[in-house]
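Quantities reported herein were computed from a predicted structural model and do not represent experimental measurements.
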Amino acid sequence: MEEKISRMKELIDILNKASEVYYQGKDEIMSNFEYDKLYDELSALEKEEGVVMAGSPTQRVGYEVLSELPKENHPSPMLSLDKTKDVSALAAWLGDKEGLLSWKMDGLTIVLTYDDGKITKAVTRGNGQTGEVITNNAKVFKNIPLNVPFKGHMVLRGEAVISYSEFKRINALLSEEEQYKNPRNLCSGSVRQLNNEITARRNVEFYAFALVEAEGEDFNNSQECKMKFMEKQGFQVVEYKRVTSKTVPEEVKNFAEKITSNDFPSDGLVLLFDDIAYGDSLGRTAKFPRNAIAFKWADETADTKLLDVEWSASRTGLINPIAVFEPVELEGTTVSRASVHNLSIVKQLKLGVGDTVRVYKANMIIPQIAENLTMSDSLIIPDRCPVCGEPTSVHEENGVSVLMCDNPMCLAKKIKSISHFVSRDAMNIDGMSEATIEKFIAHGILHELADIFRLENHKDTIVNMEGFGEKSYEKLENAANKAKHTTVAKFIYSLGVPNIGLSNAKMICRSFDNDIERIRNATAEELVEIDGVGEVIAESFVSFFNEKAVNDIVDELLEIIEFENEEISNEQEDMAGINFVITGSVNHFANRNEVKALIEKRGGKVTGSVTSKTNYLINNDNMSSSTKNKKAKELNIPIITEDEFINMYGIEL
C-alpha cells in the first residue's frame with residue numbers, strides 16, 4: 001500500500017503541474033493523451049486503496065485564476081462531468097430514458113445573467129467555486145445577444161470558443177514565442193482580457209448549452225424545451241440530437257464524421273437526461289453531477305518510426321522541436337509531422353531517432369505523439385543554432401525547459417528587431433509585416449535597419465516576388481519615405497533598447513531637449529535623475545549605447561532620418577511629474593491605452609505596478625481585493641475612480 005500511496009502522490013504532483021501550466025499559460029508539458037492516461041491511473045488507485053489525497057485533481061475543478069479581474073462566487077458549484085470513452089457504456093448510462101447528445105465544446109465556460117431583457121453580468125467558471133467577472137468582454141463576443149425578448153431574471157451557461165480559422169489568423173499576427181498552442185488557451189486569454197477591445201478583435205463566439213433559471217417559465221420538465229427557449233432568445237445553442245440508448249451509437253458516429261470539417265474546437269460529446277426532475281433526483285458527487293456524462297473520443301492511434309527531430313529557430317531565439325516520422329493514416333488523413341512543443345516533452349517521451357512512437361490526433365485534429373514505445377532516450381539536443389550556428393543553451397521558463405539561441409545577432413532574431421523598428425509606435429512603416437521581413441531577408445534585401453530606406457535598389461526583385469507587385473511596392477516605398485521624418489523619442493524607442501518603452505523614451509528625450517547626441521551619450525547618473533527612471537532602466541540604456549554595433553547602426557540611420565520637433569503645449573504639462581497606475585476596466589474611454597495616451601500627452605507617466613513613487617491608482621472598483629489595490633492602501637496612495645480623474649484634470653471627452 002505504501003508504494004501505491006507514493007505513486008498517487010507522484011501522480012498528483014505531475015498532473016497538477018501539467019494543469020497549472022495548461023490553464024494559466026500558453027504552453028504544455030504533456031499531451032492530453034498522456035494526461036488522461038495518468039489521470040485514469042490515479043483515479044483507479046484512489047478507488048483501489050480507498051484513499052483520496054488533498055489537492056488531488058480528481059477532487060477539484062480547474063485552478064485558481066491569476067488575473068486582476070473582479071472575482072465572484074457562484075451560487076452553486078460548477079462541476080465538471082464524469083467521462084467515458086466507451087460508446088456502449090454511454091448508451092447503458094442512459095438506460096430507458098431519453099437524452100440530449102451534444103458537442104462538448106473546448107473553450108471557456110461562461111455564466112450569463114439577464115434582467116429586464118438586458119445582459120447584466122458574465123462570470124467565468126474559474127475554479128468551480130469562484131469565477132471572474134468579464135461582463136464588458138462578454139458584450140463584445142461575436143454572436144452574443146445584448147438584449148433578449150424575455151424580461152424576467154434569466155441565468156444560462158455556455159462555452160466561449162475561438163474557431164480554428166480565427167486561431168490560425170491570430171497566431172499568424174504573433175511572433176513565434178507569443179503564439180498560442182491551441183484555440184482553448186487563446187480563448188481563455190481573450191475572454192479574460194482587461195481591455196475588451198482586444199477581446200472584440202479575437203472574434204470570440206458563444207454557444208449556450210444549459211439554462212439555469214428563467215423566472216416564471218415552465219419547461220414541461222424537458223431540457224430540450226430549455227434549449228429551444230434559449231434559441232428563441234437569440235442564442236446560438238450547441239448542436240444536439242435527441243437520443244435513446246438504441247440510437248446513441250449511430251449519433252456518436254454522426255458527430256464523429258463532422259469533426260474534421262468543423263471550424264470550432266471540441267473535445268468530445270455530452271449526454272444529458274432530458275427529464276429534468278429525474279436528472280435532479282440523482283444528485284451529485286463531490287465533483288460530478290449525475291444528470292450528465294461526457295464522452296471522450298477513443299483516439300485512433302498508429303505506431304510509426306521516428307525519422308528525425310527538426311529544430312526550428314524563432315525570432316527571439318526559442319528553438320522548437322518538430323517530430324518527423326514515417327507517414328501514417330489517422331482520422332482519414334496522412335500525417336508525418338507533429339510538434340513536440342519543448343524540451344520538457346522531449347525528455348518526458350525519451351525520444352531517439354529510430355524509436356517506435358505512437359501518434360494520434362488531439363481532438364481528432366492536431367497530430368501529437370502519445371507515447372514512445374522504444375524510449376531509447378538517445379536524441380541529441382543540438383548545441384548549435386540551426387540558423388546561425390552559434391551555441392545553444394537550455395532555459396527554464398515557468399517550469400518548462402526550452403532550447404534557446406543566445407546569439408543576439410542571429411538572423412532569426414533580426415526579424416524581431418526589424419519588426420519592432422517598423423511597428424506603429426516606432427517608425428510606423430505600414431505594409432512591412434513579419435512575413436514581408438522574412439521574405440526580404442531571404443532575398444538578401446534586408447541586412448541592416450537602414451536597408452528599409454533603400455528599397456529602390458531592389459525594386460525589380462520586390463515587384464516580382466510572390467504576393468507583391470507594382471502597387472504593393474509603391475505603397476511600401478511611400479511608407480518608408482514618410483517614416484524618414486519622425487520624432488527623436490519614436491526613433492529611440494524603435495531601436496529596441498531593453499526596458500525602454502515609448503513613455504520612457506519620451507521622458508528621456510524631453511530631459512535632454514531631444515538632442516540625439518546627448519541622449520546616446522547619457523550617463524547612468526544623469527538618467528536616474530529623471531523622475532521615473534530607475535537604476536535598472538538607466539543601466540540598460542547606457543549598456544545598449546555602449547555597444548559599437550549599435551552606434552554604427554544609429555550613425556547609418558542618422559544619415560537618412562530627419563527629426564521633427566515635438567510641440568508641448570501648456571495643457572500637456574499639467575500632469576508632468578505625476579505617476580499613475582491604471583487597473584481594471586474603464587467606462588468613459590475606449591480602453592486603458594487611451595487613458596495612458598492622454599496622461600503621457602499631458603506630461604504624466606503610467607507604470608505597470610504600484611510603488612512608493614506612484615501618485616494615483618486609477619481603479620473604478622476601489623473595493624477590489626486586487627494586488628494593486630492592496631499595495632496602494634499599504635502605501636497610502638490615493639485610489640481614484642475614472643470620474644474623479646476626469647474631474648480632477650477637467651478632461652473633456
Looking at [atom1] of [X] and [atom2] of [Y], how far apart are the two atoms once the value is rounded to the nearest 0.5 Å?
X	Y	atom1	atom2	value
I259	F264	CD1	CZ	9.0 Å
F325	D355	CZ	CG	13.5 Å
K37	L11	NZ	CG	11.0 Å
K118	M154	NZ	CE	14.0 Å
F273	I293	CZ	CD1	9.0 Å
N136	S585	CG	OG	5.0 Å

L373, CG atom: more than 12 neighbouring heavy atoms under 6.0 Å: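 Yes, because the 6.0 Å sphere around CG of L373 holds more than 12 heavy atoms from other groups.
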
Residue pair D303, T356: steps toward the side chain to side chain donor-acceptor pair (under 3.5 Å) verdict: CA-CA 6 Å; D303 296 347; T356 299; over 6 Å; no

My understanding is that only residues two or more places apart in sequence, or in another chain, count here; which of them pass side-chain hydrogen bond (donor to acceptor under 3.5 Å, both in side chains) with S433? T436

Partners meeting side-chain hydrogen bond (donor to acceptor under 3.5 Å, both in side chains) with N147 (sequence neighbours left out):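 Residues passing side-chain hydrogen bond (donor to acceptor under 3.5 Å, both in side chains) with N147: none at all.
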
Throw together a table of side-chain donor-acceptor distances under 3.5 angstrom for residues 87-101, partners on residues two or more places apart or in other chains.
unit_1	atom_1	unit_2	atom_2	d
S88	OG	D86	OD1	2.6
S88	OG	D86	OD2	3.3
E98	OE1	R242	NE	2.7
E98	OE1	R242	NH2	2.8

Hey, mind stepping through Q223 and D274 against side chain to side chain donor-acceptor pair (under 3.5 Å) and telling me if it holds? CA-CA 5 Å; Q223 294 285 5; D274 181 57; over 6 Å; no

Those residues that, when tested against F255, pass ring pair (Phe, Tyr, Trp, His ring centres under 6.0 Å) (two or more places apart): W103

If I compare all heavy atoms of E159 with all of D106, which pair ends up nearest, and what's the gap? OE2-C, 4.1 Å

Do you know which two heavy atoms are closest between K226 and L211, and how far apart they sit?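 Minimum heavy-atom contact is NZ-O, 3.2 Å.
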
So do the side chains of L271 and F295 get within less than 4.5 Å of each other, counting heavy atoms only?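 Side chain of L271 against side chain of F295, heavy atoms only: no contact under 4.5 Å found.
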
S376 vs T374, side chain to side chain donor-acceptor pair (under 3.5 Å): CA-CA, chis, key distance, verdict: CA-CA 6 Å; S376 70; T374 312; over 6 Å; no

Please check: side-chain N/O of K83 versus main-chain N/O of K296, any donor-acceptor pairing under 3.5 Å?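 No: the side chain of K83 does not pair with the backbone of K296.
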
Which salt bridge (charged side-chain N to carboxylate O under 4.0 Å, His left out) pairs, counting each pair once, include a residue from residues 304-313, with sequence neighbours left out? E310-R337

Under the ring pair (Phe, Tyr, Trp, His ring centres under 6.0 Å) definition, can you give me all pairs with a residue in residues 130-153, not counting sequence neighbours? F150-F229

